[in-house]
Structures are given as structure tokens and as C-alpha cells.
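The structure under discussion appears below in the form of C-alpha cells.
Values below: all heavy atoms of this structure, side chains included; hydrogens, waters and symmetry mates excluded.
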Amino acid sequence: MSGLLRNIITFLLGLAAYGSKAVGSVTELNFWVTPFDSGIRVLKSDKYLQLAESAQIDYLIKVGKLFTIIHAGASFVNVAQLVMFSRPVSIFSRIRVETQLIYADEKCAYFSHVVHARNGQAAEVLVKMKFKKGRITVAPSSFLPLSFAAVPARVIGFESALAAH
């Protein structure tokens with residue numbers, strides 16, 4: 001399934017649960033792996049990034065912040081993504097993506113998208129996201145009022161991997 005179509009379906013289905021979760025909670029989204037998502041028999045690696053994008057839209061809808069962001073004239077941009085694969089996902093599998101905001105600072109928000117298939121975790125996608133209003137970066141706390149005591153080890157490792165490139 002194409003990314004745009006998946007995002008539209010996610011948006012429409014998510015509206016029924018608008019504002020049903022608190023910022024910081026885990027949201028869940030289910031998909032079927034179609035022939036459009038796979039190579040010969042397994043989910044293509046780039047499709048994990050599309051799944052993460054759809055899961056972020058779903059998260060922002062379920063925590064009731066998507067329309068707040070839109071009304072503020074802002075948008076979100078994924079600045080960096082890191083996929084850690086555990087095992088392949090075969091075609092026609094039903095997958096579940098668990099999304100959580102794991103950290104935010106004055107410039108970026110960090111999301112974890114854990115992909116589960118059949119009997120366990122298949123991958124985790126870490127996403128570094130910025131909110132933009134034109135060319136200006138808006139603090140994530142403007143939209144996601146959540147404070148963090150310390151930077152999680154996953155975020156430190158993610159930033160180290162980004163700095164290495």
C-alpha cells in the first residue's frame with residue numbers, strides 16, 4: 001500500500017479515537033503487509049519508515065494534538081530515522097506498531113515505533129522530529145506538554161549514531 005494512501009486511511013480511522021490518549025502514552029496501530037509493501041516475500045526496509053510516519057500521524061491524532069499543530073500553522077518534519085531490525089516480516093502478516101514519545105528537548109521530539117509481527121518484535125524505528133512554522137523551529141513543548149527528567153539511553157545512542165555520519 002502506498003505511503004500516502006496509508007496515511008489517509010490512518011487519518012480517517014484515527015479520527016474516531018481523537019484525544020483518547022494522554023501525551024506520553026503508548027498508541028497502537030495495526031496494518032496488513034501487502035504485496036505493495038514487500039519484495040518477493042518480506043517487508044521492504046524502506047516501508048518501515050512509512051509505517052513510522054503513519055504511526056506518528058495516528059499518535060498525534062490519538063493524543064489530540066494534530067489539529068492544534070495545524071491551527072498553529074505548523075507542521076512536523078522527520079529529521080532523522082534509525083531502524084533496528086530483529087527479524088523479517090513476511091507478506092500478508094498482520095503487524096502492530098506501538099508508538100511512544102520517548103524524549104523531547106527545546107528543538108526536537110524523539111519517538112519510538114516498535115513493530116510487532118506474529119510472535120514478537122520485528123523492528124524498532126527511532127525518529128527525531130522537529131515542528132516547523134515556516135523556516136522557524138518550534139519547541140515540541142508548545143504542542144506536546146511533557147517534561148523529561150533525563151535523556152534516555154536510546155536517544156543518546158541515536159544521537160551518537162547520527163554524529164558518526
Side-chain angles (χ1 to χ4, degrees), residues 1-15 17-29 31 37 43-85 95-116 121-165:
M1 181 181 307
S2 80
L4 178 61
L5 180 58
R6 186 185 322 270
N7 288 349
I8 291 169
I9 292 169
T10 298
F11 174 80
L12 294 173
L13 294 174
L15 288 176
Y18 189 81
S20 64
K21 298 279 189 170
V23 173
S25 62
V26 176
T27 61
E28 292 184 5
L29 186 58
F31 297 108
D37 299 320
L43 184 64
K44 291 181 183 177
S45 58
D46 64 317
K47 296 298 181 177
Y48 287 89
L49 304 178
Q50 288 181 358
L51 293 172
E53 183 179 281
S54 294
Q56 278 174 256
I57 292 168
D58 181 68
Y59 180 87
L60 293 172
I61 290 170
K62 287 181 179 171
V63 300
K65 299 299 179 185
L66 184 65
F67 293 118
T68 303
I69 294 165
I70 292 169
H71 289 314
S75 61
F76 65 88
V77 178
N78 291 341
V79 178
Q81 300 170 326
L82 175 68
V83 182
M84 295 163 286
F85 301 100
I95 58 173
R96 182 179 80 249
V97 181
E98 295 177 349
T99 300
Q100 184 176 24
L101 174 66
I102 57 172
Y103 183 70
D105 58 22
E106 64 278 350
K107 290 187 178 183
C108 297
Y110 296 82
F111 286 87
S112 168
H113 305 282
V114 179
V115 180
H116 296 273
Q121 182 174 326
E124 181 180 20
V125 182
L126 295 177
V127 177
K128 180 178 181 179
M129 181 179 82
K130 283 187 177 183
F131 292 99
K132 303 291 275 184
K133 193 170 185 179
R135 292 181 165 186
I136 300 169
T137 297
V138 180
S141 59
S142 302
F143 306 113
L144 304 170
L146 195 61
S147 61
F148 296 88
V151 181
R154 289 186 293 179
V155 172
I156 293 170
F158 184 21
E159 285 297 328
S160 296
L162 291 174
H165 284 267

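Counting all heavy atoms, side chain and backbone alike, Leu43 lies closest to Asp37 at CD1-O, 3.4 Å. The minimum heavy-atom distance linking Val63 with Ala22 is given by the pair CG1-O, 3.6 Å. Residue Thr137 comes nearest to Lys107 through the heavy atom pair CG2-O, 3.7 Å, listed as atom of the first residue, atom of the second, then distance. The shortest non-hydrogen separation linking Ala52 to Val125 is CB-CG1, 3.8 Å. When every heavy atom of Leu29 is checked against every heavy atom of Ser54, the shortest pair comes out as CD2-O, 3.9 Å.
Between Ile57 atom CD1 and Ile8 atom CD1 the span is 9.5 Å, to the nearest 0.5 Å. Distance check, rounded to the nearest 0.5 Å: OG of Ser75 to CE of Met129 gives 10.0 Å. Taking NZ of Lys21 as the reference point, atom CD of Glu28 lies at 7.0 Å (rounded to 0.5 Å). Remark: Asn7 CG to Gln50 CD distance equals 8.0 Å, nearest 0.5 Å.
A distance-only check finds a donor-acceptor pair linking the side chain of Lys132 to the backbone of Arg135 [under 3.5 Å].
Under the 30°/60° scheme for interplanar angles, the aromatic rings of Tyr48 and Phe85 are found to stand perpendicular. Note on ring orientation: taking the six-membered ring where Trp is involved, the planes of Tyr59 and Phe111 are perpendicular (angle over 60°, cut-offs 30° and 60°). The aromatic rings of Tyr103 and Phe148 are tilted relative to each other, their planes meeting at an angle between 30° and 60°.
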Kindly indicate, with the supporting measurements, whether the criterion side-chain contact (heavy atoms from CB on, under 4.5 Å) is fulfilled by Ile102 and Leu126.
CA-CA 9 Å; Ile102 57 172; Leu126 295 177; 4.0 Å; yes
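The salt bridge (charged side-chain N to carboxylate O under 4.0 Å, His left out) pairs that include a residue from residues 139-163 are Glu124-Arg154, Lys128-Glu159, where partners are two or more places apart or lie in different chains. Pairs of residues two or more places apart, or lying in two chains, that qualify as salt bridge (charged side-chain N to carboxylate O under 4.0 Å, His left out) and include a residue from residues 51-67 are Asp58-Lys62.
By the 4.5 Å heavy-atom criterion applied to side chains, Ser160 and Phe158 are not counted as neighbours. In this structure the side chain of His113 reaches within 4.5 angstrom of the side chain of Gln56, judged on heavy atoms. Between Tyr110 and Asp105 the shortest side-chain heavy-atom distance falls below 4.5 Å. Side-chain contact between Thr99 and Ser112 is absent, with no heavy-atom pair separated by less than 4.5 Å. In this structure, the side chains of Pro140 and Phe131 come closer than 4.5 Å at one or more pairs of heavy atoms. Put simply, the side chain of Val83 reaches to within 4.5 Å of the side chain of Leu49, judged on heavy atoms. In this structure, the side chains of Phe31 and Thr10 come closer than 4.5 Å at one or more pairs of heavy atoms. In this structure, Ile61 and Phe11 have side chains that are in contact, with non-hydrogen atoms separated by less than 4.5 Å.
The ring of Phe76 has its center no closer than 6.0 angstrom to the ring center of Phe143.
Counted within 6.0 Å of CG on Leu12, heavy atoms from surrounding residues, nucleotides or ligands total more than 12; the atom is thus considered enclosed.
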